[in-house]
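Predicted model only: the values in this text are computed from it and were never measured.
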Amino acid sequence: MPIDKQSKAEAEHLRRELELHNYRYYVLDDPTISDADYDTLFRRLVALEAQYPELRDPHSPTQKVGAPSLTEFAQVRHSIPMLSLANVLSREEMQEFQARIQRFLKSGASLEYVAEAKIDGVAVELVYENGKLVVGSTRGDGVTGEDITQNLKTVRSIPLTLLPHTQHPMPRLLEVRG
């Protein structure tokens, strides 16, 4: 299907607008729109890129996760990319999600979910070697994050040493994300 000029212009406008909002949110920590409004803009761009695959651009906000690492922190490269979770905003989207999970599990079994209101925060990876916390990092751009180990050590609920379990051996390497 040929791309009409209006859709092409809208996609370009949405990319610029989303990049500005990403910069204000991730770099300046000074967002000017709500998460819901951002999600609406983002979903519209995703829809345009799906409708017109020729509009897809490797530099589009739809192709990245998070933000570049800040230079104030040492950088940590993730062993496996830390991807963002997608939002589900309707019953139909939840049914599509359920179908994808069941295809992945190769099972039609009934599944139970727990849902909570979205609370904005930071995605963190904790890396333990032989039960000892060795590094904690942010998601960053999904491939490289900031080393915030010292900051995370102040969070009392994050164990610095994992307790051994009687039935399960301590893994040599454990990466925990949340």
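In this structure R16 satisfies the side-chain hydrogen bond (donor to acceptor under 3.5 Å, both in side chains) test with no other residue, sequence neighbours excluded. Applying the ring pair (Phe, Tyr, Trp, His ring centres under 6.0 Å) test to Y23 and every residue at least two apart in sequence or in another chain returns nothing. Partners of F104 by side chain to side chain contact (heavy atoms under 4.5 Å, CB included), not counting sequence neighbours: none found.
Summarising the geometry of L162 relative to M170, their closest heavy-atom pair is O-CE, 3.5 Å, with the distance given to 0.1 Å.
Heavy atoms from other residues, nucleotides or ligands lying under 6.0 Å from CZ of R77 number 12 at most.
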Apply the test side chain to side chain contact (heavy atoms under 4.5 Å, CB included) to residues F73 and I148: give CA-CA distance (whole Å), side-chain angles for both, the deciding distance (0.1 Å), then the verdict.
-> CA-CA 7 Å; F73 294 93; I148 57 169; 3.9 Å; yes
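Checked by atom type and distance alone, the side chain of H13 never pairs as donor or acceptor with a backbone atom of K8 at under 3.5 Å. Side-chain N or O atoms of S137 include none that pairs as donor or acceptor with a backbone N or O of V76 at under 3.5 Å. The backbone N or O of M82 lies less than 3.5 Å from no partner atom in the side chain of E125, so there is not a single donor-acceptor pair. Within the 3.5 Å criterion, the main-chain N or O of A36 finds a donor-acceptor partner in the side chain of T40.
Using a 4.5 Å heavy-atom cutoff, the side chains of R177 and I80 are in contact.
Salt bridge E146/R139: absent, no basic N to carboxylate O contact under 4.0 Å.
No side-chain donor from either of Y128 and E175 sits under 3.5 Å from a side-chain acceptor of the other. For the 3.5 Å distance criterion, the side chains of D30 and Y25 fail to qualify, holding no donor opposite an acceptor.
Ring planes of Y38 and F42: parallel class, angle under 30° (limits at 30 and 60°).
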